[in-house]
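Scroll down for the structure; my scribbles are underneath it.
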Amino acid sequence: MTAENPVSVRQEGDIAWVTIDSPPVNATSTPVRAGLARAIDQAQRARYAVLQCAGKTFVAGGDMTEFDRPAEQPLLPDVVQAIEDSKTPFLALMHGTVLGGGFEIAMACAWRIATPDARFGLPEVNVGLVPGAGGSQRLPRLIGMAAAIDLACSGKMLGAAELLALGGLDEVAKGDLQSAARAFLAAQPERPMAVSQRKTPVSDPDFWENAASRLAARAKGQKAPLHNLEALKWAQLPFREGQPKERELHLALRQSSESRALRHVFFAERAVARPAAIGNTTARDISHVAIVGGGLMGAGIAGACLAAGLRVTVLETSEEAAQAGRERVVNIIDGALSRGKIDEAGHGAQLAQLNVTTDYDAAAGADLAVEAVFEDLGVKREVFAKLAAVLGKDAILATNTSYLDPEKIFEGVENPDRCLGLHFFSPAHVMRLLEIVRTPATSPQTLATGFALARKLRKIGVLAGICDGFIGNRMLSAYRRQADYLLADGALPHEVDAAMRAFGMPMGPYELQDLTGLQIAWANRKRQAGTRPGSERYVTIADQLCEMGRLGQRAGRGWYRYEKANRKPVRDPEIEALVKGYSAEQGIERRAFSDDEIQARLVAVLVNEGARIVEEGIAAGPDDVDIVQVHGYGFPRWRGGPMHYGESVGLAEIARSMRQVADQSPGSWQISRLLDRQD
Ligand code: NAD
């Protein structure tokens with residue numbers, strides 16, 4: 001087997017063993033497709049053929065690096081069809097993840113056997129596509145339309161037991177896979193009707209309409225779930241009519257902006273996790289983490305560490321605070337149990353790894369300490385002095401500060417090369433983003449350990465330099481500032497929110513502020529008052545809300561009113577009068593803003609700030625900015641993050657919007673070099 005031919009055939013008795021060996025995931029690259037085509041021919045001498053994969057998984061999808069080029073021969077649908085049409089019937093013998101092209105190949109085989117932990121799916125929807133090799137046509141014929149919609153339109157995976165129950169597998173192998181295949185074929189099973197020749201029951205129009213409206217409600221502007229539904233609908237036609245339609249749509253969607261954006265995010269997620277700053281240093285092992293502060297963030301960070309199998313010591317200031325902190329962490333572990341994420345044994349194991357105490361000595365021996373106490377420089381410094389006294393001299397020290405300067409926090413700490421910021425997002429046991437903040441002293445090994453921790457916690461680490469708000473919160477401040485300018489100039493909160501939801505954000509800026517509470521941003525604005533440029537326009541509406549105690553959902557009112565029974569924001573005439581009153585006071589003649597204008601201006605500000613962050617070296621590149629926005633701030637993944645989106649609509653257009661923004665509020669915006677050089 002060579003890189004040119006990653007598919008081998010070995011004849012053993014009356015079975016031809018066809019093995020794909022193309023690390024890392026046996027993707028259906030051109031060499032794999034070509035190798036398979038040859039292997040199918042060679043297998044014709046045998047009575048049966050078994051198709052299996054070397055390494056950690058069966059074929060786990062297509063080779064996305066090929067998707068920007070025209071498809072090369074042999075095409076996957078032809079290879080898949082040749083397997084189904086082969087005189088020698090194929091048995092798919094599967095382990096790991098059987099995804100996309102892998103599942104399409106398996107469905108063309110006469111029989112399917114898998115390990116109990118194998119998982120199956122058609123995740124093309126996750127990259128804005130429909131299957132391209134008959135997946136949408138065979139899946140409903142194999143497991144029924146309802147289950148096929150559930151799988152292909154959401155991109156989720158099924159376990160082996162579930163697929164078996166749906167009739168998609170012939171057997172779940174109890175022991176060794178090859179022995180299971182031999183035993184299965186020794187029984188001389190009758191070759192079943194090819195999946196493509198089976199009938200899909202025709203559903204009535206109501207069924208399709210209901211499915212479409214359910215999907216549209218969840219899709220938040222993304223088109224691929226509905227494209228997949230359309231493709232599945234074609235499975236009601238004869239296969240020879242439905243399959244070419246699916247293929248045509250697949251190829252057309254490869255060129256779509258949605259698929260390009262989703263592929264961009266897929267590759268960017270992988271690229272940002274290995275920043276050049278780490279070099280080839282190896283990460284330190286982390287098994288015991290000390291967390292200082294068991295509040296909202298500390299408890300979430302503890303939950304994430306426990307779920308990753310780490311030992312956790314949480315330090316608090318008093319017995320009462322320790323008790324409250326412990327309850328918060330236990331709540332998170334209980335939640336994982338009740339949602340079925342862990343079983344009783346896992347629950348017990350996590351509890352056994354948790355210690356919440358006021359005694360710093362309990363942290364001795366920890367490999368890493370994460371500080372999540374009040375946002376106060378003095379308090380944080382004191383914490384690190386105490387930690388340095390009990391921990392080893394090379395234990396890694398991290399701060400979860402949102403806005404303070406980590407360099408100042410770590411001033412005076414011995415060996416500052418082991419210090420860094422680990423900026424988690426709330427709720428920290430759920431949100432996938434982790435900003436890994438380097439100070440000028442942070443060593444590559446400390447950074448590497450931060451990134452290894454992110455992976456262990458199943459998070460995506462993004463490297464950030466020091467500035468007010470790092471990458472994400474700095475962009476959020478700019479975005480909110482521009483939203484407030486829109487209010488002052490004529491928009492109302494619900495209009496701004498609706499426009500941004502229509503763009504694909506899960507929430508608009510004002511609903512989101514109400515959800516998270518207005519206090520933190522208020523405290524920040526007060527902190528920044530001394531350094532804010534005198535020329536910068538400052539809209540005081542948000543401050544007025546805070547002074548009125550309208551601090552958001554938890555206070556029952558913020559930018560909206562909230563009825564007790566639910567958390568639905570209700571428009572409030574008092575706020576609308578306040579906004580209009582502010583404009584009048586400032587002598588501003590209010591004017592209407594369309595959804596398009598609101599979106600264009602807010603997105604332009606995000607692109608501009610993102611570009612400045614890259615130009616200042618705070619982010620390593622535009623990919624890093626995109627990943628922060630997609631994973632931390634709800635920027636629609638299918639739009640690729642602001643930097644990719646800017647490129648895709650054209651930076652000249654973004655620059656035009658940014659100039660309008662800047663003209664409307666003179667002295668308030670610095671235009672990035674990236675946008676400044678656009679005509
Ligand atoms: P919080 O008020 O919920 O929790 C702070 C906890 O720290 C409290 O339980 C308090 O008892 C404890 N504490 C205070 N001083 C201590 C000390 N000297 N030793 C031990 N424990 C001490 O606050 P939070 O929202 O969890 O924020 C904590 C930090 O995380 C802040 O720096 C904040 O800026 C940052 N942060 C917050 C968010 C967020 O969304 N809330 C997001 C990212 C980062």
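In listed order, ligands and their atoms are each counted from 1.
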Would you check whether Phe425 reaches within less than 4.0 Å of ligand 1, judged by its heavy atoms?
-> no
Pairing of Arg474 and Glu616 as salt bridge, 4.0 angstrom limit | yes
Just checking, Arg270 and Phe266: is the charged tip under 6.0 Å from the six-membered ring centre and within 45° of the axis?
-> yes
Here the gap from Tyr479 atom OH to Met500 atom CE, rounded to the nearest 0.5 Å, amounts to 4.0 Å
For atom 23 (O) of ligand 1, what is the nearest protein heavy atom, given as residue, atom name and distance?
-> Leu296 N, 4.7 Å
Which atoms of ligand 1 have any heavy atom of Leu315 under 4.0 Å away?
-> 20 (C), 21 (N)
If we number the atoms of ligand 1 from 1 as shown, the ones under 4.0 Å from a heavy atom of His423 are 43 (C), 44 (C)
Which is closest to atom 16 (C) of ligand 1 by heavy-atom distance: Thr317, Thr401, Val292?
-> Thr317
Interfacing atoms of ligand 1 (cut-off 4.0 Å, heavy-atom, Gly295) | 3 (O), 4 (O), 6 (C), 9 (O), 26 (O)
Distance flag, aromatic centroids of Tyr633 and His631, threshold under 6.0 Å | no
In this structure, are over 12 heavy atoms from other groups packed under 6.0 Å from Arg532 atom CZ?
-> yes
Answer with side chain, backbone, both or neither: which part of Phe424 has a heavy atom less than 4.0 angstrom from an atom of ligand 1?
-> backbone
Atoms of ligand 1 less than 4.0 Å from Asn400 heavy atoms?
-> 30 (O), 35 (C), 36 (N), 44 (C)
Write out the residue and atom name of the closest protein heavy atom to atom 2 (O) of ligand 1, then the distance separating them to 0.1 Å.
-> Phe374 CE2, 3.5 Å
Atom 11 (O) of ligand 1 - nearest protein heavy atom and its distance = Glu316 OE1, 2.8 Å
Is it true that Arg525 and Asp543 have a side-chain N and a carboxylate O under 4.0 angstrom from each other?
-> yes
Could Arg612 and Trp669 be counted as a cation-pi pair, given that NZ or CZ must be under 6.0 Å from the ring centre and within 45° of the axis?
-> no
From Ile575 atom CD1 to Met548 atom CE, the distance as rounded to the nearest 0.5 Å = 5.5 Å
To the nearest 0.1 Å, how far is atom 29 (C) of ligand 1 from its closest protein heavy atom, and which atom is that?
-> Val373 O, 3.2 Å
Among all protein heavy atoms, pick the one closest to atom 39 (C) of ligand 1 and tell me residue, atom and distance.
-> Met297 SD, 3.6 Å
Value for CZ (Arg561) from NZ (Lys568), rounded to nearest 0.5 Å, stands at 13.0 Å
Applying a 4.0 Å heavy-atom criterion (strictly less than), which segment of Lys380 is in contact with ligand 1: side chain, backbone, both, or neither?
-> side chain
Among non-hydrogen protein atoms, atom 18 (N) of ligand 1 lies closest to Val383 CG2, 3.6 Å
Any idea which atoms of ligand 1 are less than 4.0 Å away from a heavy-atom of Ser426?
-> 40 (O)
Ligand 1 to Ser402, heavy atom cutoff 4.0 Å, flagged ligand atoms 33 (C), 34 (O), 35 (C), 36 (N), 37 (C), 43 (C), 44 (C)
Of all the heavy atoms in Gly325, does at least one lie under 4.0 Å from an atom in ligand 1?
-> no
In this structure, which one of Tyr560, Tyr510, Trp559 forms a side chain to side chain donor-acceptor pair (under 3.5 Å) with Asp497?
-> Tyr560
